[in-house]
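Structure record follows, encoded as structure tokens.
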Amino acid sequence: MMGELDVIVVGAGFAGLYALHKLRGLGLAVHAFEAADDVGGVWHWNRYPGARCDVESLQYSYSFDDALQQEWVWSERYAQQNEILAYLHHVADRFELRPLISFGERVTSTHFDAAADRWHVTTDRGDVAIARFCIMASGSLSASRLPDIPGIETFSGTILHTATWPHDGVDFAGKSVAVIGTGSSGVQAIPQIARSAEKLVVLQRTPNFVVPARNQPLAAEKQAAWKAAYADYRAQARQVGTLYDFSQTSAHAVSAEAREAEYRRRWELGGVNFVHAFNDIMTDRAANQTAADFVHARIRELVDDPETAEKLCPRGYPLGAKRICVGSDYYETFNRPNVTLIDLQATPVVAIEAQAIRTTEAVFAVDVIVCATGYDALTGALTQIDIRGRSGVALSDKWADGPRNYLGLMTADFPNMFIVTGPGSPSVLVNMIVGIEQHIDWIADCIQHLAYTGATRIEPEISAEDVWVEQVNDAAAATLFVQANSWYLGANIPGKPRVFLPFVGGIGRYRAICDEVAASGYAGFRIVNGD
Ligand code: FAD
Ligand code: NAP
């Protein structure tokens, strides 16, 4: 058992690494447990072909250290997985964080000892660590999920999930491959796999809206100009997440020609910026439909076979209400002779067999199945741990009907436990590095505040938690986000309560609320002083 600590951090991705750096800088004894054998989080695990960020690299990076952001050179508009992982390795080495991390150790339980105000953290190796504070930096998209298809365990070929990709790669040459899932991961992997596999069958349950990435090498001049103005750009990002070109105009306020021209302009520029073409795309269904119609028209243009094009056109939910996907040659891939698209809504999968996938209409012999089937998002990594608070109640029981917390940061009955970019915070709806830095900075200030005041314990008042949960729900209800069966709502996990998980009110507003709470002496929190 290691000596008593001030803070235990669970996870060593973007969030865990920054937490270690920040808190050690405050003179705190801090240690992290990481299930993987190295740092990086999703960028360690997601090594599938085509994996890359879809927030531009110059923005999808830490802002806390100016020398780091000036010296690190990004090679592409959207960095590939291996480049982002190299960056995180560099961060771990540069700030000497590795000695603070136990690798290959999964936290299985964290129990609060109310008599001593201490968290007891146990790992799958049987190690126990004790600390005053626990920071759950375990990831919003880290609890991956295989599809619940009958017979999956009988498959005799290779079965892979995009989030647990073999580190030495996969050779698809000469192979018949099936990809299940057409979310962001599938959309990135499918064109790459199609290039090397002999045959590729794409099993699509729900088509997604895919905008082109227009990825390209990052011009030296652009990088230099960006770095010269980094302080300003980062300050803006703290208010909006990612610096998109946010329109202040309704889609209804312009002519059909002007609307089309604006969509076309953004389509040519590439990226998520497309969704911000008009300010009511995520609040007005008719406005949203104009964007959806534009994408449908592009799909019909890009895909040669009209029947395939229609299958690829998303319908029945608003554009952006499921996370918009950013792809490279995604729609064009369905023109390849070795690629077949199967619409699972028309012909559902019945079973996976030893060497094949059977739908209601056909049997596809395959050597490899790639599951791009996503995550138990935002809550999964937390509820997989046996977390027990002051009264011994498990977090998974407290959250059985949906997550309840205050500001997304803490939950009543679980004192001194902070959650990074979890439910109730902007989380996955914004550039997550901006959200991570905001959370870690707030947590660090809070821990310092407790130290200055001699307090031993902080947790939310139930009343503040109730109000916040309502605020999160109200913010979502005012948007079109609630009109799709998305992982934002837990709809991808059978039995998961249908609750909109992230806070949709924007990171600027959210930051202001968190700052006000801190400035007011942590209104809504119960702080216990001394013995
Ligand atoms: P993670 O990176 O998920 O790290 C959490 C770590 O905790 C993992 O290493 C995990 O092994 C560890 N862990 C979990 N549970 C335990 C446990 N019980 N014990 C020990 N260790 C544990 N966001 C964007 O803003 N822009 C993007 O372009 C973008 N692209 C993405 C692409 C992919 C393929 C994926 C999957 C996500 C992407 N995201 C993106 C979201 C991404 O989750 C965040 O950007 C960010 O990487 C999250 O960092 P994190 O440290 O919070 O979590
Ligand atoms: P996802 O968006 O949840 O997509 C999972 C896909 O699998 C969906 O198409 C889903 O269909 C399908 N699926 C799940 N279970 C199935 C089943 N039993 N049978 C058939 N199909 C099934 O997961 P993801 O693609 O891994 O992406 C998750 C999030 O990670 C993204 O939204 C994004 O935030 C992040 N990410 C970002 C990038 C990037 O571009 N930077 C890349 C990857 C991931 P339904 O829609 O019908 O449920």
Side-chain angles (χ1 to χ4, degrees), residues 35-36 45-51 81 106 141-208 305 307-308 311-312 330 333-377 380 384 485 487 491-496:
W45 293 107
N46 283 262
R47 300 181 189 227
Y48 62 84
Q81 168 272 334
R106 180 170 288 280
L141 294 162
S142 65
S144 63
R145 198 178 155 267
L146 284 168
D148 45 1
I149 298 174
I152 190 167
E153 68 290 347
T154 64
F155 186 64
S156 63
T158 306
I159 189 147
L160 302 163
H161 192 289
T162 46
T164 48
W165 203 258
H167 286 197
D168 41 8
V170 180
D171 183 7
F172 290 109
K175 299 270 168 50
S176 287
V177 183
V179 174
I180 306 176
T182 52
S184 299
S185 302
V187 160
Q188 288 185 329
I190 285 163
Q192 299 289 327
I193 296 173
R195 282 185 195 125
S196 50
E198 187 173 310
K199 278 194 200 150
L200 172 62
V201 182
V202 175
L203 298 155
Q204 169 191 274
R205 191 163 68 181
T206 312
N208 268 289
D305 173 39
E307 231 176 272
T308 305
K311 286 184 195 166
L312 287 164
Y330 181 66
T333 295
F334 294 93
N335 296 332
R336 297 179 65 103
N338 66 333
V339 176
T340 309
L341 177 69
I342 304 301
D343 172 5
L344 296 184
Q345 286 179 11
T347 59
V349 171
V350 176
I352 293 179
E353 300 173 350
Q355 291 170 332
I357 299 185
R358 180 182 292 275
T359 69
T360 48
E361 219 162 64
V363 176
F364 301 94
V366 288
D367 308 304
V368 184
I369 299 176
V370 173
C371 299
T373 44
Y375 300 86
D376 184 352
Q384 281 177 4
N485 289 322
W487 58 260
N492 61 329
I493 305 293
K496 192 166 173 173

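Because the structure is predicted, anything quoted here is derived from the model rather than measured. Below, all heavy atoms of this structure are taken into account, side chains as well, without hydrogens, waters or symmetry copies.
Contact detail for Cys371 and Pro147: the closest heavy-atom pair is SG-CD, 3.5 Å. Heavy atoms only, all atoms of each residue included: Ala194 and Asn338 are closest at O-ND2, 2.9 Å. The two residues Ser144 and Ala163 make their nearest non-hydrogen contact at CB-CB, 3.6 Å. Here the closest non-hydrogen pair linking Trp45 and Ala35 is CZ2-C, 4.4 Å. Taking every heavy atom of both residues into account, Pro191 and Gly186 meet most closely at CD-O, 4.4 Å.
Although no hydrogens or angles enter the test, the distance criterion places a donor-acceptor pair under 3.5 Å between the side chain of Asn492 and the main chain of Tyr375.
Val179 pairs in a side chain to side chain contact (heavy atoms under 4.5 Å, CB included) with only one of the listed residues (Val366, Val187, Leu160, Ile193), which is Ile193.
Remark: Asn485 pairs with Arg498 by the side-chain hydrogen bond (donor to acceptor under 3.5 Å, both in side chains) rule, at least two apart or across chains. Applying the side-chain hydrogen bond (donor to acceptor under 3.5 Å, both in side chains) criterion to Lys496, with sequence neighbours excluded, gives Asp376, Thr379. Partners of Tyr48 according to the ring pair (Phe, Tyr, Trp, His ring centres under 6.0 Å) rule, which considers only residues two or more places apart in sequence or in another chain, do not exist here.
Inter-residue side-chain proximity for Phe172 and Val368 is flagged as met; some heavy-atom pair is nearer than 4.5 Å. At a threshold of 4.5 Å between non-hydrogen side-chain atoms, the residues Thr182 and Pro207 do not count as touching.
The OG1 atom of Thr162 sits 13.5 Å away from the CZ atom of Arg47 when rounded to the nearest 0.5 Å. Atom CG of Leu312 sits about 9.5 Å away from atom CG of Asp343, to the nearest 0.5 Å. Atom CD1 of Ile180 is separated from atom NE2 of His161 by 10.0 Å, given to the nearest 0.5 angstrom. Here the straight-line distance linking atom CZ of Arg145 with atom CD1 of Ile493 works out to 4.0 Å at 0.5 Å rounding. Here the CD1 atom belonging to Ile190 is positioned 10.0 Å from the OG atom belonging to Ser185, to the nearest 0.5 angstrom. Considering CD1 of Ile149 and CG of Leu344, their distance stands at 7.5 Å, rounded to 0.5 Å.
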Enumerate, atom names and distances included, each donor-acceptor pair closer than 3.5 Å involving a side-chain atom of residues 150-158, sequence neighbours excluded.
from: Thr154; atom 1: OG1; to: Gly151; atom 2: O; distance (Å): 2.5
from: Thr154; atom 1: OG1; to: Ile352; atom 2: O; distance (Å): 3.3
from: Ser156; atom 1: OG; to: Ala354; atom 2: O; distance (Å): 2.8

Name every donor-acceptor pair, under 3.5 Å, that has one atom in a side chain of residues 195-204 and the other anywhere in the protein, sequence neighbours excluded.
from: Arg195; atom 1: NH2; to: Asp329; atom 2: OD2; distance (Å): 3.0
from: Gln204; atom 1: NE2; to: Lys311; atom 2: O; distance (Å): 2.8

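Among residues at least two apart or in separate chains, side-chain hydrogen bond (donor to acceptor under 3.5 Å, both in side chains) pairs with a member in residues 356-366 are Glu353-Arg358.
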